[in-house]
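A short write-up of the structure that comes next.
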Amino acid sequence: MTAAKTIDPKRIDRVLARHPQGKPTALVNLLHDLQAEFRYLPELAMEKAASYLNVPNGQLFRVATFYESFHLKPRGKHIATVCTGTACHVRGAPKLTDHISREFEIPVGGTTKNMELTLETVNCVGACALGPLLILDGEYHGNMSPAKLDRTLKTIKRG
Ligand code: FES
């Protein structure tokens, strides 16, 4: 069964109801709220949102793919983002992504089968002095090493 089939339409409807119906100007805010609810934008939510706002599905999809902050694939409960900007790269960011990939058996951009962790990268968030930098669920962890990673990620279930 795919994740999209497990989405409860009532959860979508509750998010839609917080926005004015038939107003395409609410599109970006609505997508943000849907993503906050599901951690990504499920296909069913996209279809319902298009119909609710009275915009073509294609337009909604174009907006969702234009902004990097929107995700069309299911993401994990926790998001580990490794900065791969130049300063972090030279201080060892590749070791961090390799370590997480190996420990959790996921590639960059991948999510563990148990939906606990998604591994992502970002290109410089302006905190270069902290490099190499891991951002875990929005919280910055600087001067990372594989050993520190193990401590930081120890509560996240493997699988
Ligand atoms: S290169 Fe990582 S924060 Fe700037």
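Index from 1, following the sequence. Order of listing sets the numbers, starting from 1, for every ligand and every atom in it.
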Next on the checklist: Please determine whether side-chain contact (heavy atoms from CB on, under 4.5 Å) holds for the pair L119 and F104, giving the CA-CA distance in whole Å, both sets of side-chain angles, and the decisive distance to 0.1 Å.
Outcome noted: CA-CA 9 Å; L119 171 61; F104 287 88; over 6 Å; no
Checklist entry - For D13, what residues pass the side-chain hydrogen bond (donor to acceptor under 3.5 Å, both in side chains) criterion, not counting sequence neighbours? => result K48
Checklist entry - So which protein N/O/S atoms does atom 2 (Fe) of ligand 1 have within less than 2.8 Å? => result C83 SG, C88 SG
Checklist entry - Between E116 and R158, is there a side-chain N and carboxylate O pair less than 4.0 Å apart? => result no
Checklist entry - How about K77 and M115: do any of their side-chain heavy atoms sit closer than 4.5 Å? => result no
Can you give each donor-acceptor pair under 3.5 Å made by side-chain atoms of residues 19-30, sequence neighbours left out, with the distance rounded to 0.1 Å?
| residue | atom | partner | partner atom | Å |
| --- | --- | --- | --- | --- |
| H19 | NE2 | D33 | OD2 | 2.7 |

Item to check | Pairs meeting criterion side-chain hydrogen bond (donor to acceptor under 3.5 Å, both in side chains) with involvement of residues 83-95, two or more places apart | outcome: none
